[in-house]
Amino acid sequence: MKFEDVMTTVEAASRWNVSPTTVKLYCLGTKKNPAKLKKGECRKSGKSWLVTKLGMERVFGVEPSHKS
């Protein structure tokens with residue numbers, strides 16, 4: 001795994017065009033819905049949540065291209 005393959009939930013949300021809250025909930029799960037990101041695909045580091053590119057691609061699909 002490369003250094004660039006790990007990002008904060010805010011960066012991941014921006015790259016996949018989803019809400020940062022959605023990414024965090026996919027890490028944590030809720031009472032009604034289990035976590036969608038598996039152990040090893042996300043974790044809390046201090047006050048920030050980190051996710052892997054592989055986990056994001058598994059759940060949300062290939063990262064959308066950003067055309068200017």
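Keep in mind that this is a model prediction, so the values were computed, not measured. One is the number of the first residue; the rest follow in order along the sequence.
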Identify the heavy atoms of [X] and [Y] that sit nearest to each other, and give their distance.
X     : Y     : value
Ala35 : Leu28 : CB-C, 4.0 Å
Lys24 : Trp49 : CE-NE1, 3.6 Å
Lys44 : Gly46 : CE-O, 3.2 Å
Cys42 : Leu37 : SG-CB, 3.9 Å
Val51 : Thr8  : CG2-O, 4.2 Å

Donor-acceptor contact present, side-chain [X] to main-chain [Y], <3.5 Å:
X     : Y     : value
Glu41 : Lys38 : yes
Arg58 : Lys36 : yes
Asn33 : Thr30 : no
Trp16 : Gly61 : yes

Side chain to side chain, Val6 and Leu50, heavy atoms closer than 4.5 Å:
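Side-chain contact under 4.5 Å: yes.
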
In the structure I gave you, are the side-chain heavy atoms of Asp5 and Leu54 within less than 4.5 Å of one another anywhere?
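No, their side chains stay 4.5 Å or more apart.
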
Test Glu63 against Met56 for side chain to side chain contact (heavy atoms under 4.5 Å, CB included), laying out the working first.
CA-CA 8 Å; Glu63 181 179 358; Met56 290 297 292; over 6 Å; no

